[in-house]
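All remarks here apply to the structure that follows.
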2 protein chains.
Amino acid sequence: MIRYSGQTRILVAVDCIIFGFDGEHLKLLLIHRGFEPEKEQWSLMGGFIGTEEDLDQAANRILKELTGLEGVYLEQFHAMGDPKRDPIERTVCVAYFALIDIHKYEKQISDQYRAEWFLLKDMPSLIFDHQKIVELAKKKLRYKAALHPILFELLPPKFTLPQLQMLYEAIYETEFDKRNFSRKILSTGLLVKQPDKDKRSSKKGAFYYSLHELEYNDKFDAFLNFIPNPHALIA
Amino acid sequence: MIRYSGQTRILVAVDCIIFGFDGEHLKLLLIHRGFEPEKEQWSLMGGFIGTEEDLDQAANRILKELTGLEGVYLEQFHAMGDPKRDPIERTVCVAYFALIDIHKYEKQISDQYRAEWFLLKDMPSLIFDHQKIVELAKKKLRYKAALHPILFELLPPKFTLPQLQMLYEAIYETEFDKRNFSRKILSTGLLVKQPDKDKRSSKKGAFYYSLHELEYNDKFDAFLNFIPNPHALIA
DNA sequence: ACAAAAGTGTTGCACTTACACCCATGC
DNA sequence: GCATGGGTGTAAGTGCAACACTTTTGT
């Protein structure tokens with residue numbers, strides 16, 4: 001087998017930033033490492049890429065190992081290559097962020113890891129440069145969600161407009177006018193009103209909506225402008 | 001030295017998509033490889049990362065080796081990891097796109113490579129998955145340039161509004177109304193009118209403008225909406 | 001004087017914002 | 001019957017798109 005000569009080969013890992021939404025706050029799924037290095041520390045879910053898989057496959061595999069979930073929204077957003085980022089051995093990492101419906105996550109799927117949800121603003125310190133990766137992921141998520149309908153991935157298949165608005169408000173750390181918000185969201189044509197209501201959070205109850213799959217796939221890449229004054233809110 | 005055991009180490013390369021603008025068309029700087037593998041084929045400029053450099057440093061070094069330029073606009077946009085993308089040996093590549101003032105490029109800086117500018121729509125076939133990387137880069141460039149003032153990096157320090165408009169038109173493969181275009185661009189406050197004119201392309205001559213550095217740095221990350229109907233033009 | 005490109009203003013429309021009241025229900 | 005959250009409409013302002021004529025100057 002021919003190989004390139006005189007070059008250093010390096011470990012390549014994939015790390016996943018897993019976002020979830022509990023109805024009120026944005027959360028991150030972190031793992032408590034039961035193994036060296038940095039045993040007993042909190043970190044992002046990650047792993048080395050296998051010999052027969054590409055990066056997306058590796059990210060999906062890793063996500064499944066931790067959460068048991070497949071078909072999750074997963075997007076590559078940055079590669080980190082500082083030679084000193086992993087003190088044990090040089091590792092280049094390709095970071096992905098995942099958006100999951102927090103209720104689909106079943107605890108203790110993996111016994112190698114103890115996983116736990118943390119509020120974004122109440123996170124433990126993380127190993128290596130994971131803190132920095134999380135910051136990048138947050139920024140990227142805000143950026144992308146301002147223009148593309150990705151936040152639905154954080155909600156269950158049926159959700160209410162107040163729930164959706166709370167999600168946007170959590171992500172942008174601000175408040176929106178509910179009349180304008182509902183008009184803007186509904187005008188995209190992405191939502192289908194359901195006949196039933198969610199009555200858990202009010203006496204009157206709020207109508208459920210679900211995604212119009214066809215429109216959703218069509219408009220996913222379109223430029224939709226989901227938030228007012230993006231100029232002010234996006235770094 | 002402690003290392004992670006049982007993991008495969010992989011080559012990591014950086015590839016640069018180098019965009020230039022000749023006043024009329026968007027171009028790409030490609031190299032004719034004088035070495036194996038794929039000797040005598042056209043490819044993107046790339047190289048393996050060094051043991052002491054991070055990804056950005058590697059990209060800057062590689063760009064300098066080919067063009068002699070430093071301080072160039074360079075942005076990481078995607079990592080490619082298909083195990084079969086390089087037939088010689090598995091290589092993960094991190095792709096960057098660079099924007100340079102085409103007139104700053106001096107030929108034959110490197111004798112390892114023969115470099116040549118190609119019209120984007122008139123490119124030779126490229127090695128490996130470089131074609132795909134170029135497609136991704138074009139998409140990313142369009143996307144980013146719709147919201148951020150990056151295209152100035154493709155022009156000389158002094159340029160005219162008609163030149164700038166031609167650039168935007170080349171990138172989006174469409175035409176804009178010059179009255180609306182000039183109003184929109186000038187309203188950003190990013191440009192400073194110069195006292196002199198460029199008289200090469202008309203009898204009347206067009207005023208030069210230069211970047212207002214302070215405003216440019218301030219507003220670089222802002223959301224500016226440089227093109228009409230982004231919905232229609234951005235994939 | 002004519003050709004060729006630069007420069008400039010206005011109007012209508014669409015979208016966005018700001019804002020306040022009624023509705024349905026469980027207790 | 002009242003408290004709680006859900007749902008809706010309107011008016012003013014802003015930003016965007018469409019559109020045509022004048023200016024300059026080299027030949």
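Sequence lines set the chain letters: A, B, ... in the order given, protein chains first and strands last, and positions in each chain run from 1.
- Atom pair A/K178:NZ and C/dC22:C1' shows a separation of 11 Å (rounding to whole Å applied).
- The distance from atom CZ of A/F207 to atom C1' of C/dT25 is 13 Å, rounded to the nearest whole Å.
- For B/K193 and B/Y209, the positive end is not near the middle of the six-membered ring at less than 6.0 Å and at most 45° from its axis.
- You won't find any donor-acceptor pair under 3.5 Å spanning the side chain of B/R179 and the base of D/dA18, going by distance alone.
- Aromatic rings of A/Y168 and A/F181 (six-membered ring for Trp) have centroids within the 6.0 Å cut-off, being under it.
- Protein atom NZ of B/K203 is 21 Å distant from nucleotide atom P of D/dT22, rounded to whole Å.
- At D/dG26, one or more side-chain N or O atoms of B/K199 fall inside 4.0 Å of OP1 or OP2 (strictly under the cut-off).
- Here the two rings, on A/H148 and B/Y143, have centers that are under 6.0 Å apart.
- For the pair A/L186 CG and D/dT8 P, the computed distance is 8 Å after rounding to whole Å.
- Evaluation of the salt bridge (Lys or Arg N to Asp or Glu O under 4.0 Å) test over residues 119-136 of chain B, restricted to residues two or more places apart or in two chains, returns B/R85-B/D129, B/E135-B/K138.
- Set against C/dA6, D/dG9, D/dG5, the side chain of B/K204 has C/dA6 as its closest nucleotide.
- Taking atom CD of B/E175 as the reference point, atom C1' of D/dA17 lies 16 Å away to the nearest angstrom.
- Outside the 6.0 Å centre-distance limit, the rings of B/F118 and B/H32 are not counted as a close aromatic pair.
- Among the heavy atoms of the strands lying under 4.0 Å from A/S201 are primed sugar atoms or P, OP1, OP2 only; no base atom is included.
- Under 3.5 Å, the side chain of B/R183 and the base of C/dT10 form at least one donor-acceptor pair of N or O atoms.
- DNA chain C is contacted by B/P162 of residues 159-170 of chain B, taking any non-hydrogen atom closer than 4.0 Å.
- In this structure, A/L74 CG and A/L55 CG are separated by 11.0 Å, a value rounded to the nearest 0.5 Å.
- Contact annotation: side chain of B/K197 to base of C/dA6, donor-acceptor pair absent below 3.5 Å.
- Closest to the A/S202 side chain, of the nucleotides D/dG5, D/dG7, C/dT17, is D/dG5.
- Remark: the A/E169 side chain and the A/T174 side chain contain no N/O donor-acceptor pair separated by less than 3.5 Å.
- In this structure, B/N225 places its CG atom 14 Å from P of C/dC15, rounding to the nearest Å.
- When rounded to the nearest whole Å, the span between CG of A/D177 and P of C/dC15 equals 18 Å.
- Out of D/dA17, C/dC19, C/dA6, the shortest distance to the side chain of B/N180 is found at D/dA17.
- Atom-to-atom, OH of B/Y208 to P of C/dG7 comes out at 12 Å; the value is rounded to the nearest Å.
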